[in-house]
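Take a look at the following structure, please.
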Amino acid sequence: MFIPCDRGGDSAAPDFKGFTLLMPAVSVGNVGQLAIDLVISTLDMTKVGYFYTDCLVPMVGNNPYATAEENSTELSINAEVYSLPSKKLVVLQIRSPFIKNKYRPFCETLLSWVKSSKCARVVLLSSSHAYQRDDEQLLGTPLRYLLTPDLEKAVGGRMKELNWKEMEKVAAYPGISDTDKVLHIPGGGITKLLFTESCSEGIQMAVLLKFCSEGDNIPDAFVLVNYLNEWLQLIKSESNNSTDPSSQWKIPSSWRLLFGNGLPPALF
């Protein structure tokens, strides 16, 4: 359920009609969440509300996008909504894992909100275990996309222009039968369920994902957000000769503690 921020007594929900909803799947390496951090920080998006749900582990912390001491003490919770009307973009950032057996209730609540808020489409940033790729998926780029039938009609041609590679289906029974193919996204969290539910309910959804492994997934986040930017053009792309993927994206202040505090000098 979406709860708007308190705006001096005006609690009316923002109008998201025609907006693109961008959100992460809580998946391997947290790549989608890191990519969303870069979008919110770079575009200086405004927090407009919270997505209240009992499907996520509760958490609270300081403002992850603090730019000065004055706003560093603002509190953040596990699911927050940011908006940028000039680009017709609304972002849902998820900061904690799902509670066991709560995937389906979350997807139902989310898609209900998408319909009621009249968002035009949903873009889900995700990731999948690199070590569980089949032979075909080992070839070429580690980036893949999926489109629901309703969105395929609208942007399928654009994906072909970009020369993007659609997520392959794999054998349901490897080594026994190669004729039955299924969508398999190991390590993808809610990705498959949310995508299939969107297909069933006629919601326009795109999934952009990267095959990766656990570890320092900051480089994966830059690759995924640049992949997103090829399509949506959220920021002006720099020259293809640029070798620094961080040059066009603003790294949020919270990333300084991505791997915890440094070793205390007292140890030495």
Query - Heavy-atom check, side chain of E197 versus side chain of L110, under 4.5 Å - result: no
Query raised in the report: What pairs meet the ring-ring contact (aromatic ring centres under 6.0 Å, His included) rule with one or both residues in residues 70-95, with sequence neighbours excluded?
Result: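 Pairs touching residues 70-95 that pass the test: Y65-Y82.
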Query - E74 and N62: CA distance, side-chain angles, deciding distance, side chain to side chain contact (heavy atoms under 4.5 Å, CB included) verdict - result: CA-CA 6 Å; E74 293 176 7; N62 287 353; over 6 Å; no
Requested in this report: Kindly indicate whether the side chain of V57, heavy atoms from C-beta on, has any atom under 4.5 Å from the side chain of R95.
Outcome: no
**Report entry** Derivation and outcome, side chain to side chain contact (heavy atoms under 4.5 Å, CB included), residues I203 and D150
**Finding:** CA-CA 7 Å; I203 290 173; D150 288 78; over 6 Å; no
Report task. May I ask you to decide if G187's main-chain N or O and S128's side chain share a donor-acceptor pair within less than 3.5 Å? Result -> no
Query - Pair L208-L146, side chain to side chain contact (heavy atoms under 4.5 Å, CB included): steps then yes or no - result: CA-CA 7 Å; L208 307 187; L146 286 166; over 6 Å; no
Query raised in the report: Does K181 pair with E168 as a salt bridge, N-O distance under 4.0 Å?
Result: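 No, K181 and E168 are not salt-bridged.
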Query raised in the report: Do N63 side-chain atoms and N71 backbone N/O form a donor-acceptor pair below 3.5 Å?
Result: yes
Requested in this report: Report yes or no: does N30 contribute a side-chain atom to a donor-acceptor pair with the main-chain N or O of V26 at less than 3.5 Å?
Outcome: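 Checked: no pair found.
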Query raised in the report: Where the side chain of R144 meets the backbone of S127, is there a donor-acceptor pair that is under 3.5 Å apart?
Result: no
Report task. Give a yes or no on whether the backbone of L224 and the side-chain of N226 come within a donor-acceptor separation of less than 3.5 Å. Result ->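 Not confirmed, N226 side chain does not pair with L224 backbone.
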Query raised in the report: Are D54 and K102 ion-paired here, with the side-chain N under 4.0 Å from a carboxylate O?
Result: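 So D54 pairs with K102 through a salt bridge.
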Query raised in the report: With a 4.5 Å limit on heavy-atom distance, are the side chains of Q132 and H184 in contact?
Result: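 Q132 vs H184: side chains touch.
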Query raised in the report: Does N163 use its side chain to pair, donor to acceptor, with the backbone of K165 at less than 3.5 Å?
Result: no
Requested in this report: Apply side chain to side chain donor-acceptor pair (under 3.5 Å) to N229 and W249, showing your working.
Outcome: CA-CA 11 Å; N229 198 54; W249 299 99; over 6 Å; no
Query raised in the report: Do side-chain atoms of K192 reach the backbone of L183 as a donor and acceptor pair under 3.5 angstrom?
Result: yes
Requested in this report: Name the orientation class of the two ring planes belonging to F51 and W113 (parallel below 30°, tilted from 30 to 60°, perpendicular beyond 60°).
Outcome: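 F51 and W113: tilted rings.
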Query - Stepwise side chain to side chain contact (heavy atoms under 4.5 Å, CB included) check, T109 with F2 - result: CA-CA 10 Å; T109 303; F2 175 71; over 6 Å; no
Report task. Could you grab the distance from atom CG of N78 to atom OG of S96, nearest 0.5 Å is fine? Result -> 4.0 Å
**Report entry** Nearest heavy-atom neighbours spanning S198 and T148
**Finding:**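 Reported closest heavy-atom pair: CB-CG2, 4.0 Å.
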Query - Pair Q93, D37: side-chain N/O donor-acceptor within cut-off below 3.5 Å - result: yes
Report task. Evaluate the side-chain proximity of S83 to F19: yes if any heavy-atom separation is below 4.5 Å, no if none is. Result -> yes
